Engineer: 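Mind looking over this structure? Questions follow.
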Amino acid sequence: MRKPHYLLLLASLLTTPLMAPQVLAHGNDHPQYGGEVKVVGEYTFEMKQEAGKVSIWVFYDGEPLDASALALKVKIKGENRKEMVEVPAAEGNKYVGDLTFNPGDKVLAMLTLEDGISKIVAKYKL
């Protein structure tokens, strides 16, 4: 009569790994606004460049963050170029700044958290 218990245990052990990736997932790695997405821990950054402007949306564990409560800077390193630009908050979880990138630029989107010290950094290579 102990066989059914072992079979139930075996069945549960075999199906658990199939469900684990869904439980461990944080944020969304699919673009919602047509930009390039980077996931850093539980934070998700989506960056899109068009018409001389860059837009960056930031999420925490899939939920939009309040952009007005956090500071965002963008560091750009490229051929004969190295600069740091503060990108102002727009509405909701969106930051918008007058920036253009060149092919091959390395871009760091640096979000400063509420404590004013901790930073979350998303790395892009264009």
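In this text the structure is predicted, and so the values were computed from the model without any measurement.
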Engineer: Should Tyr124 and Phe101 count as side-chain neighbours, where that means a heavy-atom distance under 4.5 Å?
Structural biologist: no
Engineer: Ion pair present between Glu36 and Lys38, side-chain N to carboxylate O less than 4.0 angstrom?
Structural biologist: yes
Engineer: Under 4.5 Å between any side-chain heavy atoms of Tyr43 and Asp61, yes or no?
Structural biologist: no
Engineer: State plainly whether one hydrophobic cluster holds both Val96 and Leu72, where clusters connect Ile, Leu, Val, Met, Phe, Trp and Tyr through side-chain heavy atoms under 4.5 angstrom apart.
Structural biologist: no
Engineer: Less than 4.5 Å apart, side chain to side chain, heavy atoms only: is that true for Glu114 and Leu70?
Structural biologist: yes
Engineer: Take atom CD in Glu83; do more than 12 heavy atoms of anything else shown fall under 6.0 Å from it?
Structural biologist: yes
Engineer: Quick check: do Thr112 and Lys73 have side-chain heavy atoms less than 4.5 Å from each other?
Structural biologist: no
Engineer: Less than 4.5 Å apart, side chain to side chain, heavy atoms only: is that true for Leu111 and Tyr95?
Structural biologist: yes
Engineer: If the test is side-chain contact (heavy atoms from CB on, under 4.5 Å), which one of Val107, Leu108, Val40 qualifies with Lys123?
Structural biologist: Leu108
Engineer: Heavy-atom distance under 4.5 Å between the side chains of Val37 and Thr44, does that happen here?
Structural biologist: yes
Engineer: Please determine whether a side-chain nitrogen of the Lys or Arg among Arg81 and Asp105 lies less than 4.0 Å from a carboxylate oxygen of the Asp or Glu.
Structural biologist: yes
Engineer: For Tyr33 together with Trp57, are the ring centres under 6.0 Å from each other?
Structural biologist: yes
Engineer: State, to 0.1 Å, how close Lys94 and Ser55 come at their nearest heavy-atom pair, and which atoms those are.
Structural biologist: CE-OG, 3.6 Å
Engineer: Counting only heavy atoms not in Asn80, do more than 12 fall under 6.0 Å of its CG?
Structural biologist: no
Engineer: Is there a donor-acceptor contact under 3.5 Å linking the side chains of Tyr60 and Glu42?
Structural biologist: yes
Engineer: Indicate, with yes or no, if Leu126 and Met84 share a hydrophobic cluster defined by side-chain heavy-atom contacts under 4.5 Å among Ile, Leu, Val, Met, Phe, Trp and Tyr.
Structural biologist: no
Engineer: Could you tell me if the side chain of Asp66 sits less than 4.5 Å from the side chain of Asn93, heavy atoms only?
Structural biologist: no
